[in-house]
Every structure is written in C-alpha cells, then in structure tokens.
K.L.:
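After the structure tokens below, expect a handful of questions from me.
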Amino acid sequence: MTGTNQVGTASISSDSLHSKKDDVPWMYDIPTSWTVMRIKHSCILKGRIGWQGLKSSEFVDEGPYVITGVDFENGTINWKTCKHFSKTRFDEDPSIHVKEGDLLITKDGTIGKVAIAVNTPNEVSLNSGVMIIRPQIDLNRNYLRYVLLSKVFWNWYESTQRGNSTIKHLYQDQFYNFKYPMPLLKEQHSIVKRLNDEIPTIEGAINTINEFIKKIDGIIKSRFIEMFGHPGVNEKEWIEKRLGQVAVINDGEHSSPPKVDSGHLYLMARNVTKNHSFDLTNVVFVDNETHSKIYSRCNSEPGDVIMTNTGTIGSTVIMPDLGEVSLDRGLTLIKYDRSVLNNQYLMYYLSSDYVQQIINGGIHKSAIAHFFLAETKKLEILLPPLQLQEAFALFVKQVDKSRFELKVLSEQLVVKLNEFKQSLIYECVTGKTLPPEED
C-alpha cells in the first residue's frame with residue numbers, strides 16, 4: 001500500500017519522492033501553509049497550433065497586433081515593435097486573443113522570456129513561438145512571473161530536455177504538469193512587493209556597468225575627432241584621396257566552395273563583429289586546393305583591414321595572425337599603403353559616422369544587400385601625417401588594454417549580480433526568505 005507525505009496541504013506520493021527529489025528539491029522545504037500546484041490545475045495554456053502558423057509575408061502595416069518573442073521587453077510587451085496581420089487571421093482563433101494582464105511566455109527560440117500584457121490594444125494575438133498562461137484561480141500574476149523566472153522553472157525545464165538532441169522547445173503538454181510552490185494570496189502580494197522593490201536596484205546596477213563599457217568605447221571615437229577632425233569636414237585640411245588610390249582592394253570567393261571538417265579557415269561576414277574583432281565560434285573550412293585558388297587572388301595577411309560588404313555592412317577588423325585563411329565574397333580585403341596609412345587609423349576612419357552614412361547610402365538593395373568594390377574604392381580618405389596616425393594607434397592600444405581588463409571585471413560582476421538576483425527570486429518564491437508581514 002502506498003503511503004503519503006504531507007507537505008503543507010499538498011499530498012505527495014511517497015513512491016515518487018526518490019525519483020523526483022533531484023528535480024524539485026524545493027518541494028520538501030516550503031512552509032507548511034503553502035501548497036504544491038500544477039499549472040494545469042491553476043491556469044489555462046493557449047498557443048497558436050501548427051496549421052495556424054503565420055508567415056512573414058502575412059504581416060501588414062496596420063491591423064490587429066501579433067506578439068513575437070522579440071517584443072518581450074523588461075517584463076512587458078513593447079507594442080511599438082509588434083507586427084500586424086489581417087483581421088481574418090485574427091478571427092481564426094479567439095482562444096489566443098490576448099487580454100489585459102495575460103501572462104505570456106516564449107516557447108521557441110529564446111525560451112522562457114516572460115511578460116505581462118499591460119496597456120493591451122483591442123485586438124492582439126500570438127505568433128507560434130508564444131504561449132498564454134491565464135490563471136483561473138486567485139493568483140498574483142507577477143508572483144507566477146517570478147516563479148517562471150526562477151530556478152523552480154528552469155530546473156524543471158532542463159529535466160524535461162534530458163536526452164533530447166533536437167531543437168529546444170517548451171512543449172505545452174509537458175508544461176501542463178509543471179509544479180510550483182503556492183503561498184497564500186496575501187503572501188504572494190508581499191513576495192511580489194519585495195521583489196519589485198529590490199530587483200530594479202540589481203538590474204539598474206547591471207545596466208550601469210554595461211553603459212560604462214559603452215562609454216569607454218566612445219572614448220576612442222572622441223579622440224579620433226580631437227586628433228583628426230570630422231572626416232566629412234576636413235577642417236584640418238589634410239591631404240585627401242580616394243581609398244582605391246592608397247590601397248589594393250579585393251573581395252573573397254564568389255562561388256560557394258565545398259566545406260570540409262578541417263583545413264584552412266573560410267571567413268565570412270558573420271565572423272566579423274561590430275566591435276572590431278572576429279567571432280570564431282561558428283566557422284567553416286576549405287581544403288588546400290580550394291584555399292590555394294582563393295588565396296592566389298585574395299591573400300589576406302596580418303595587419304590588413306577587412307570590411308564586411310554584406311550582412312551587417314561596414315563592420316571593420318584588423319586581420320590577426322591566423323595563418324593563411326580564405327575569405328568569402330562578403331568580406332572586402334583592404335591592403336593599404338603602409339607608407340601613408342596606419343591600420344588602426346584606417347579602421348576607425350571607415351567606422352566613422354560620416355563614412356558609415358556613405359556606405360549605407362551606397363548599398364545596393366537586391367535579394368541580398370551589398371556594398372560593391374567599386375563603391376569602396378571611391379571612398380574619400382583623409383591622410384594626416386603617419387606619425388600622428390601612429391600616435392592615435394598607440395592610444396587605441398592603451399584603451400583596448402584597459403577596456404579588456406575592465407570588461408573582464410565587469411562581466412564577472414554582472415555574473416555575480418545575476419546570480420544574486422536569481423538567488424533572491426528563488427528564495428522568495430520557495431519560502432526560504434519570507435518578507436515581513438504587513439500590518
């Protein structure tokens with residue numbers, strides 16, 4: 001005969017204790033006045049089913065709103081970023097019409113983003129990557145939002161993904177059985193009040209650190225203007241030439257070469273970041289024969305300047321020593337005259353607001369936006385004395401060293417602050433830290 005253990009007022013089968021304890025450790029420590037609740041016993045879950053999936057071609061300029069994952073912002077929905085679609089499609093399924101105060105969660109893409117619908121327009125529906133969680137009992141929606149942001153949810157979600165090698169997804173039939181701690185309604189209000197008071201302070205500190213790093217990035221741009229003036233004005237009356245007159249400019253392979261598991265790096269526009277660096281977390285390789293063919297006409301070397309001409313157009317980076325690499329056509333190779341140009345000066349000149357505006361104005365809008373070699377060669381460039389350019393490069397090196405050290409420290413601090421935030425939420429929603437009772 002199976003016995004039961006009483007946890008608060010919730011009954012848990014003893015034959016499930018051992019198998020479930022690792023997944024829901026909080027269940028055995030919650031206050032005795034709390035219960036253990038399943039989503040299916042407290043809320044209705046609704047999402048757009050497969051046959052109703054929207055295509056991007058269905059989005060229009062005006063009409064009912066449709067919420068996607070990218071519209072989640074600071075715990076609410078940014079209605080300004082929402083897409084619109086037809087009234088016909090909106091009327092297809094009233095069960096996924098969003099109401100004021102609805103709790104929403106993303107179930108595809110970046111899973112687990114949570115928001116509450118506030119100031120909701122009259123006609124709003126969901127895209128397939130979002131689910132409605134609509135309480136059917138007395139339940140503080142913000143309390144449930146904090147539960148879903150906590151390790152109570154994330155530990156459960158990870159347990160559902162064990163052994164799954166496919167794309168991650170929050171499945172509605174599994175989510176029905178998600179268990180969470182349920183305090184009395186008065187206690188839910190107190191928990192929400194405490195977290196609403198304390199979480200913004202933590203997030204404010206995180207934002208301050210991130211903004212500080214951005215300001216460091218702006219120091220180099222300010223120093224550039226101070227030393228060389230505005231590129232579009234040339235108030236210091238430097239010699240001015242077209243880039244094609246002081247550099248050999250080429251691009252990478254135009255065909256799609258066969259890829260191999262190892263060999264020579266084949267760099268693409270996606271590998272260049274906006275922060276003047278390479279992102280090599282997602283790279284492909286070509287064999288020796290293919291590389292030799294590409295490298296014979298586009299031989300990138302350490303110190304050369306690279307600029308993206310497709311994708312995020314106009315991002316620049318100085319080629320580090322990666323050995324011989326092959327370049328895709330989405331990268332423009334600039335082998336500059338080192339007797340008149342310094343690569344740091346050239347990179348930041350091309351990144352200036354003035355040149356970026358020219359590049360954006362010269363983009364050819366076809367199936368894939370592109371900034372062609374002919375346009376690159378026509379770019380005007382100012383030629384201050386090389387000694388002054390080298391002084392600027394030394395300043396950049398000093399700032400980069402300080403920025404790197406500060407970035408490491410700031411990232412460590414942000415990690416600690418996020419850990420503290422997660423710990424605070426978890427302790428509050430599991431009853432380990434109870435807010436003081438209000439009079």
Side-chain angles (χ1 to χ4, degrees), residues 203-243 246-247 269 272-279 302-309 311-320 332 334 336-363 371 375-376 378-414:
E203 292 178 340
I206 293 171
N207 292 335
T208 298
I209 294 168
N210 291 332
E211 287 299 319
F212 176 69
I213 296 300
K214 288 180 182 179
K215 287 180 179 179
I216 294 176
D217 293 339
I219 291 173
I220 294 178
K221 284 189 175 183
S222 297
R223 187 58 176 267
F224 184 96
I225 298 299
E226 179 185 317
M227 293 179 71
F228 307 113
H230 293 81
V233 179
N234 194 13
E235 63 265 36
K236 296 182 182 286
E237 298 182 346
W238 307 120
I239 295 171
E240 188 171 354
K241 290 190 177 181
R242 292 187 183 276
L243 186 57
V246 291
V272 179
T273 75
K274 294 180 180 179
N275 299 318
H276 309 299
S277 62
F278 278 112
D279 179 0
D304 290 342
V305 174
I306 306 290
M307 184 173 75
T308 56
N309 58 53
T312 306
I313 297 172
S315 296
T316 56
V317 64
I318 294 172
M319 177 62 71
T332 298
I334 305 172
Y336 59 95
D337 182 347
R338 303 190 183 201
S339 69
V340 295
L341 280 171
N342 173 276
N343 56 8
Q344 290 283 359
Y345 168 79
L346 175 57
M347 181 175 70
Y348 278 96
Y349 183 90
L350 293 174
S351 301
S352 67
D353 293 341
Y354 171 73
V355 175
Q356 290 292 307
Q357 286 174 4
I358 294 175
I359 290 173
N360 289 330
I363 291 174
F371 190 71
E375 302 299 324
T376 305
K378 290 178 184 176
L379 291 173
E380 299 284 348
I381 184 163
L382 305 181
L383 299 175
L386 186 60
Q387 186 177 4
L388 190 61
Q389 296 180 43
E390 290 171 344
F392 172 74
L394 180 60
F395 174 78
V396 171
K397 183 179 179 180
Q398 292 169 339
V399 172
D400 279 346
K401 182 177 182 295
S402 299
R403 176 169 49 185
F404 175 77
E405 293 170 348
L406 286 169
K407 186 176 180 182
V408 170
L409 290 173
S410 65
E411 286 175 349
Q412 291 172 346
L413 184 55
V414 167

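The figures here come from the full heavy-atom set of this structure, side chains too, leaving out hydrogens, waters and symmetry mates.
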K.L.:
Can you list every salt bridge (charged side-chain N to carboxylate O under 4.0 Å, His left out) pair that touches residues 229-239, not counting sequence neighbours?
P.N.:
none

K.L.:
Quick check: closest heavy atoms across Q356 and I313, and the distance to 0.1 Å?
P.N.:
OE1-O, 4.0 Å

K.L.:
Enter the distance from I318:CD1 to I334:CD1 here, rounded to the nearest 0.5 Å.
P.N.:
11.0 Å

K.L.:
Donor-acceptor pair, distance only, cut-off 3.5 Å: does the side chain of Q389 make one with the backbone of V340?
P.N.:
yes

K.L.:
Quick check on the 6.0 Å ring-centre criterion: do F224 and Y345 meet it?
P.N.:
yes

K.L.:
Residues in salt bridge (charged side-chain N to carboxylate O under 4.0 Å, His left out) with E405, at least two apart?
P.N.:
K401

K.L.:
Got a second to check how far M227's CE is from L388's CG, nearest 0.5 Å?
P.N.:
4.0 Å

K.L.:
Testing the basics here: between P320 and F278, what is the closest heavy-atom pair and its distance to 0.1 Å?
P.N.:
CD-CE1, 3.4 Å

K.L.:
Could you walk me through whether I219 and F395 pass side chain to side chain contact (heavy atoms under 4.5 Å, CB included), step by step?
P.N.:
CA-CA 10 Å; I219 291 173; F395 174 78; 3.7 Å; yes

K.L.:
Walk me through it: do F392 and N342 pass the test side chain to side chain contact (heavy atoms under 4.5 Å, CB included)?
P.N.:
CA-CA 9 Å; F392 172 74; N342 173 276; 5.7 Å; no

K.L.:
Are V355 and I381 close enough, and set up right, to give a side chain to side chain contact (heavy atoms under 4.5 Å, CB included), and what steps lead you there?
P.N.:
CA-CA 9 Å; V355 175; I381 184 163; over 6 Å; no

K.L.:
Once side chain to side chain contact (heavy atoms under 4.5 Å, CB included) is applied, do any residues pair with E226, and if so which ones, sequence neighbours excluded?
P.N.:
R223

K.L.:
Which residues pass the side-chain hydrogen bond (donor to acceptor under 3.5 Å, both in side chains) test with D353, sequence neighbours left out?
P.N.:
none

K.L.:
Identify the heavy atoms of M347 and V317 that sit nearest to each other, and give their distance.
P.N.:
SD-CA, 3.8 Å

K.L.:
Minimum heavy-atom separation for G303 and N343, please, with both atom names.
P.N.:
O-ND2, 3.2 Å

K.L.:
Please identify each residue that fulfils salt bridge (charged side-chain N to carboxylate O under 4.0 Å, His left out) with E380, with sequence neighbours left out.
P.N.:
R242

K.L.:
Using the test side-chain hydrogen bond (donor to acceptor under 3.5 Å, both in side chains), find all partners of S402 that sit at least two apart in sequence or belong to another chain.
P.N.:
none

K.L.:
Tell me if the CD1 atom of I239 is crowded by more than 12 foreign heavy atoms within 6.0 Å.
P.N.:
no

K.L.:
How would you list all residue pairs meeting salt bridge (charged side-chain N to carboxylate O under 4.0 Å, His left out) that involve residues 384-399, not counting sequence neighbours?
P.N.:
none

K.L.:
If you round to the nearest 0.5 Å, how far is CE of M307 from CG of L379?
P.N.:
6.0 Å

K.L.:
Would you please test T376 and N309 for side chain to side chain contact (heavy atoms under 4.5 Å, CB included) and show each step?
P.N.:
CA-CA 9 Å; T376 305; N309 58 53; 5.8 Å; no

K.L.:
For R338 and D304, work out which heavy atoms get closest and say how close.
P.N.:
NH2-OD1, 3.2 Å

K.L.:
Once side chain to side chain contact (heavy atoms under 4.5 Å, CB included) is applied, do any residues pair with S315, and if so which ones, sequence neighbours excluded?
P.N.:
V272, K274, T308, T312

K.L.:
Residues two or more places apart in sequence or in another chain: which of them pass salt bridge (charged side-chain N to carboxylate O under 4.0 Å, His left out) with D400?
P.N.:
R403

K.L.:
Test of understanding: with side chain to side chain contact (heavy atoms under 4.5 Å, CB included), list the residues that count as partners of N234, not counting sequence neighbours.
P.N.:
W238, E240, L382

K.L.:
Would you be so kind as to tabulate the donor-acceptor pairs closer than 3.5 Å made by side chains of residues 205-213, with sequence neighbours excluded?
P.N.:
from	atom 1	to	atom 2	distance (Å)
N207	ND2	E203	O	3.3
T208	OG1	G204	O	2.8
N210	ND2	I206	O	3.4

K.L.:
Among residues at least two apart in sequence or on other chains, which ones pass side chain to side chain contact (heavy atoms under 4.5 Å, CB included) with S351?
P.N.:
H276, T316

K.L.:
In Å and rounded to the nearest 0.5 Å, what is the CD to OG1 distance from E375 to T332?
P.N.:
11.5 Å

K.L.:
Could you go step by step and tell me if D279 and T273 meet the side-chain hydrogen bond (donor to acceptor under 3.5 Å, both in side chains) rule?
P.N.:
CA-CA 6 Å; D279 179 0; T273 75; over 6 Å; no

